[in-house]
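Each remark here refers to the structure printed beneath this line.
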There are 2 protein chains.
Amino acid sequence: MNTSIGLVERLTLEIVATIRSDNLQPGQTLPSAKALAERFEVTVPTVREALRRLEATGSVELKHGSGTYVREAINRRILDNPHYVPVDLAAAIELLDARIAIEPGIAELAASVQDAAAVTSMDSALDNALQVQTAVPAGHFHVELAKASGNRALSEMLVSLLAIHSRTQQAARTTYDRLRDHDEHAGILDAVKRGDGFEASHRTRRHLEAIKAAVLADWQPEGEAEVAGDANRAATSAGDLR
Amino acid sequence: MNTSIGLVERLTLEIVATIRSDNLQPGQTLPSAKALAERFEVTVPTVREALRRLEATGSVELKHGSGTYVREAINRRILDNPHYVPVDLAAAIELLDARIAIEPGIAELAASVQDAAAVTSMDSALDNALQVQTAVPAGHFHVELAKASGNRALSEMLVSLLAIHSRTQQAARTTYDRLRDHDEHAGILDAVKRGDGFEASHRTRRHLEAIKAAVLADWQPEGEAEVAGDANRAATSAGDLR
DNA sequence: GCCGTCAAAGTGATTAGATGACTTAAACAC
DNA sequence: GTGTTTAAGTCATCTAATCACTTTGACGGC
């Protein structure tokens with residue numbers, strides 16, 4: 001009866017269960033594929049198929065010659081599709097619209113929760129933004145804001161949106177000013193600190209709508225201007241979709 | 001240079017690419033594993049590992065003895081983690097909070113978009129709800145509402161939330177009345193039809209908060225009352241988290 | 001003693017071939 | 001024409017082996 005699902009899928013869930021029961025944290029290594037095969041009384045190829053499943057969902061990482069490592073996403077419930085390919089500017093706008101729809105609510109929640117630790121994280125995210133920026137970093141202001149809401153489902157959704165965005169990004173270059181970006185973030189953070197949910201929500205919405213407007217404006221000149229002034233551009237366009 | 005990613009991951013992306021370029025739709029079958037192995041000049045186990053990745057993300061389904069089938073999720077960007085296990089009542093509340101944070105915005109969007117076809121879908125979803133209910137059906141009112149927003153990222157997020165919820169559900173039984181549920185849906189739909197975004201948003205929020213309140217109230221009696229009146233309960237508790 | 005080189009062991013990556021189980025549909029008998 | 005049987009195609013799993021990469025520790029030069 002229980003065998004209505006395949007051996008591989010069952011094995012996958014068993015591996016996840018042992019990761020949890022053994023309290024393995026992200027960064028730690030799983031037993032070798034051979035060891036897992038013996039423990040669960042299956043063969044190595046079967047184990048590998050199970051690990052590939054977990055790899056696709058970001059739960060583990062297979063490092064050639066090194067081992068299999070637990071990854072953060074094992075604790076996430078909402079993921080981005082790692083195999084999704086089509087990325088154009090329309091998709092970028094759609095993602096921004098999605099953010100406009102959900103982030104004001106997140107900001108409002110964050111203001112009502114008032115988590116001290118989360119506020120600190122947002123503070124440092126504010127500074128980080130003026131430095132270098134990586135792909136979808138922990139320390140991203142909007143992600144920290146979502147975490148401050150205390151609702152993991154919400155922050156996971158935002159992380160997913162931003163992850164997708166980072167793959168779309170090449171198509172959507174923005175000229176959104178870095179300093180303006182910083183100022184608006186500071187305004188949102190201020191409202192959150194004061195516990196003013198309405199203001200936080202409102203500012204977040206305006207912030208994202210301004211970014212969207214900037215993206216659309218940047219889109220207007222169509223084919224041209226694509227090649228011009230890369231160096232100059234880089235100085236002002238780094239603020240980007242945050 | 002391009003080989004910084006493994007053979008399996010590259011193969012996975014190539015398979016997705018050919019599914020798209022061959023315009024294979026959900027329900028159609030992929031070439032056999034052996035055929036794929038020959039086409040991409042790898043061996044069958046390697047192909048299988050790639051297919052397992054796609055299986056984990058819901059992009060394909062491997063049917064024993066039959067074939068490999070394309071599935072809907074190949075067109076989704078946001079997914080639920082199929083390997084996520086821990087599910088308790090606190091998680092259910094968190095998911096409801098997430099819905100409260102995002103669905104009002106979705107309803108507002110839907111009201112402003114005014115897609116005729118989507119409204120029709122919501123109409124029939126309204127009726128379906130009084131009939132039997134499956135897991136996370138297409139035809140679910142809130143999903144159709146999200147689709148009516150015209151933003152796929154939003155509807156995908158909601159589908160993910162509900163999919164997670166359906167796995168959590170056993171822990172969270174609600175006494176939310178089916179008729180009340182229907183009436184509130186009708187009210188939201190009415191507001192959407194009128195293009196009254198504010199009203200649609202407001203009603204959605206109240207609707208979800210009422211459900212949350214019902215879930216919490218049901219939780220109060222803690223350990224007791226869990227076993228009592230299953231038959232009676234079933235008559236009124238079917239409305240559930242919609 | 002310290003540090004760099006190198007060899008060996010451990011681990012994942014990929015291949016190869018074979019067997020079993022399940023599904024489907026065509027061939028066959030009635 | 002209908003039902004059963006059979007055969008082909010397909011996924012599922014296993015066994016066995018080779019290759020490639022990483023890490024570590026021993027060895028020897030400095």
Side-chain angles (χ1 to χ4, degrees), chain A residues 1-16 18-19 22 24 26-71 73-74 82-83, chain B residues 1-16 18-19 22 24 26-71 73-74 82-83:
Chain A
M1 286 304 114
N2 198 3
T3 51
S4 67
I5 70 175
L7 175 57
V8 170
E9 184 170 357
R10 215 184 324 157
L11 177 61
T12 308
L13 296 177
E14 282 182 301
I15 291 175
V16 171
T18 63
I19 290 175
D22 292 356
L24 288 183
Q28 293 188 279
T29 71
L30 259 63
S32 73
K34 186 162 174 284
L36 288 173
E38 286 167 3
R39 159 130 50 131
F40 294 108
E41 297 182 321
V42 293
T43 57
V44 172
T46 305
V47 169
R48 286 186 60 81
E49 288 187 20
L51 292 177
R52 286 298 185 193
R53 284 190 56 126
L54 292 172
E55 183 191 44
T57 54
S59 292
V60 307
E61 181 179 3
L62 283 68
K63 287 191 177 176
H64 190 169
S66 176
T68 306
Y69 297 77
V70 179
R71 288 218 312 166
I74 195 171
H83 307 129
Chain B
M1 288 302 116
N2 198 4
T3 51
S4 65
I5 71 174
L7 176 56
V8 170
E9 184 169 357
R10 215 184 323 157
L11 176 60
T12 307
L13 296 176
E14 282 181 301
I15 291 175
V16 171
T18 62
I19 290 175
D22 292 356
L24 288 183
Q28 292 188 278
T29 72
L30 259 64
S32 75
K34 187 163 176 285
L36 288 174
E38 286 166 1
R39 159 127 53 126
F40 294 109
E41 297 182 321
V42 293
T43 57
V44 172
T46 305
V47 169
R48 285 186 61 80
E49 287 185 21
L51 291 177
R52 287 296 186 193
R53 284 190 56 126
L54 292 172
E55 183 191 44
T57 54
S59 291
V60 307
E61 181 179 4
L62 282 67
K63 286 191 178 177
H64 189 170
S66 176
T68 305
Y69 296 78
V70 179
R71 290 218 311 166
I74 195 170
H83 307 129

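Note: hydrogens, waters and symmetry copies are ignored here, and every other heavy atom, side chains too, is used. These numbers were taken from a predicted model, which means no experiment stands behind them.
Once rounded to the nearest 0.5 Å, the distance linking CD of B/Glu49 with OG1 of B/Thr43 reads 8.5 Å.
When side chains are defined from C-beta on, B/Ile15 counts as touching B/Leu30, because their heavy atoms get closer than 4.5 Å. Proximity of A/Thr18 to A/Phe40: side-chain heavy atoms (C-beta onward) are separated by under 4.5 Å at one or more points.
Using a 4.0 Å cut-off between charged side-chain N and carboxylate O, B/Glu55 and B/Arg52 make a salt bridge.
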What does nucleotides 10-15 of chain D look like as a protein-contact string, B for base, S for sugar-phosphate only, - for none, at under 4.0 angstrom between heavy atoms?
BBBBBB

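Of all nucleotides in DNA chain C, those with any atom nearer than 4.0 Å to a heavy atom of chain A start and finish, going 5' to 3', at C/dG10 to C/dT14.
Paired with A/Leu11 under the rule side-chain contact (heavy atoms from CB on, under 4.5 Å), one option of A/Leu36, A/Val42, A/Val16 passes, and it is A/Val42.
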Does A/Leu54 form a side chain to side chain contact (heavy atoms under 4.5 Å, CB included) with A/Thr68? I'd like the steps, not just the answer.
CA-CA 11 Å; A/Leu54 292 172; A/Thr68 306; over 6 Å; no

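Using modelled atom types and a 3.5 Å distance limit, the side chains of B/His83 and A/Thr57 yield a donor-acceptor pair.
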